[in-house]
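The shown structure was predicted, so the numbers you read here are calculated from the model rather than taken from an experiment. Numbered from 1 within each chain, the chains take letters A, B, ... in sequence-line order.
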Amino acid sequence: NAGVMQNPRHLVRRRGQEARLRCSPMKGHSHVYWYRQLPEEGLKFMVYLQKENIIDESGMPKERFSAEFPKEGPSILRIQQVVRGDSAAYFCASSAGTTLWKAFFGQGTRLTVV
Amino acid sequence: GENVEQHPSTLSVQEGDSAVIKCTYSDSASNYFPWYKQELGKGPQLIIDIRSNVGEKKDQRIAVTLNKTAKHFSLHITETQPEDSAVYFCAASIIAGTASKLTFGTGTRLQVTL
């Protein structure tokens, strides 16, 4: 049973470009969470999605950031017009509907904005 | 919202000694407290968790204790080994309906020396 798969593992973007981060949850999991980790800091919640629905986006910046979890395919975190402050590790986690509090994390995508 | 504080930020112990990491939380409604281990360049790995209806939980060399009245919980690692060296994060969340985002502490860097 494969774990949470994130790609790419590393992503370099120039200021003003778009970054697209992908997350495939564990098999059987229908709940996806995105967290951001700045260097030497803890993880900060961004958004919680179920298939085709955004449940909680209270941690998501109001501008430039969006997330989706379509009926088919991976969840996507999109960052438009990236700035240097967006440089961070972005982690996706998934959980099953029956134990939705137990979240399992992927290896993360490390975004560097140059 | 929830606020989780974690201490110490760094901890160095000799192999075979015990390590204790402490966390406090602010929201009395929080009822789920997981601990994650993060190795360099990897995603957080769930190592143990506890729900508020339990005061203590043990899994081999790892144990977690919870004091709901004081709103603090602790991770205990006995007989530490070099492979225990990592950053450990505590977290808190509320299991209720579909909302289950985690609020993380700032992490403890544990170094087990030979």
Side-chain angles (χ1 to χ4, degrees), chain A residues 2-7 9-10 21 23-26 29-60 67 69 88-110, chain B residues 1-10 21 23-25 27 29-54 57 59 64 66 75 86-109:
Chain A
V4 178
M5 303 300 292
Q6 289 188 249
N7 67 82
R9 292 291 312 277
H10 300 273
L21 288 60
C23 169
S24 295
M26 285 179 70
H29 286 191
S30 57
H31 301 253
V32 165
Y33 313 80
W34 285 94
Y35 289 82
R36 176 164 62 178
Q37 184 177 35
L38 295 171
E40 304 298 319
E41 293 189 12
L43 290 87
K44 302 291 186 187
F45 168 79
M46 299 181 73
V47 62
Y48 165 32
L49 310 103
Q50 292 180 31
K51 285 281 186 182
E52 300 185 280
N53 285 304
I54 296 175
I55 306 302
D56 182 352
E57 55 182 348
S58 58
M60 198 90 114
F69 189 15
Y90 291 83
F91 290 96
C92 169
S94 73
S95 65
T98 52
T99 53
L100 54 83
W101 56 89
K102 204 179 276 279
F104 297 88
F105 283 80
Q107 299 279 41
T109 293
R110 279 148 186 85
Chain B
E2 176 65 277
N3 182 50
V4 177
E5 295 190 357
Q6 182 172 347
H7 300 280
S9 57
T10 60
I21 302 171
C23 289
T24 60
Y25 61 100
D27 190 344
S30 289
N31 55 8
Y32 175 65
F33 308 93
W35 286 87
Y36 287 85
K37 174 184 180 183
Q38 186 175 29
E39 296 175 321
L40 191 63
K42 295 187 177 181
Q45 176 191 3
L46 178 66
I47 56 171
I48 195 167
D49 56 6
I50 191 168
R51 297 183 65 172
S52 59
N53 57 347
V54 175
K57 185 176 178 181
D59 182 4
V64 58
L66 170 67
L75 178 71
V87 180
Y88 290 81
F89 291 97
C90 62
S93 74
I94 302 171
I95 300 174
T98 58
S100 193
K101 64 183 178 185
L102 293 165
T103 301
F104 283 84
T106 50
T108 296
R109 185 175 300 278

Given heavy-atom pairs under 4.5 angstrom as the criterion, report whether the side chain, backbone, both or neither of A/Q37 touches chain B. side chain
Hey, could you give me the CD/CD distance between A/Q107 and B/E39, rounded to the nearest 0.5 Å? 9.5 Å
Top contributor to chain A interface from B/R109, B/K42, B/Q45, B/Q6 [non-hydrogen pairs under 4.5 Å]: B/K42
Cut-off 4.5 Å, heavy atoms of chain B, and the answer for A/A103 is both
Where on A/K102 is there a heavy atom nearer than 4.5 Å to chain B: the side chain, the backbone, both, or neither? both
To the closest 0.5 Å, what do you measure between CZ (A/F91) and OH (B/Y36)? 12.0 Å
Does any backbone or side-chain atom of A/S95 lie under 4.5 Å from a heavy atom of chain B? Answer side chain, backbone, both or neither. neither
Return the option, out of B/P44, B/G107, B/S9, with the maximum number of heavy-atom pairs under 4.5 Å with chain A. B/P44
Ignoring hydrogens and geometry, is there a side-chain-to-backbone donor-acceptor pair from A/Y33 to B/L102 under 3.5 Å? no
With the side chain counted from C-beta on, respond yes when A/F45 and B/E2 share a heavy-atom pair under 4.5 Å apart, and no when they do not. no
Pairing residues for B/K57 by the salt bridge (charged side-chain N to carboxylate O under 4.0 Å, His left out) criterion, not counting sequence neighbours: B/D49
Which pair of non-hydrogen atoms, one from B/K101 and one from A/S58, has the smallest distance, and what is that distance? NZ-OG, 3.0 Å
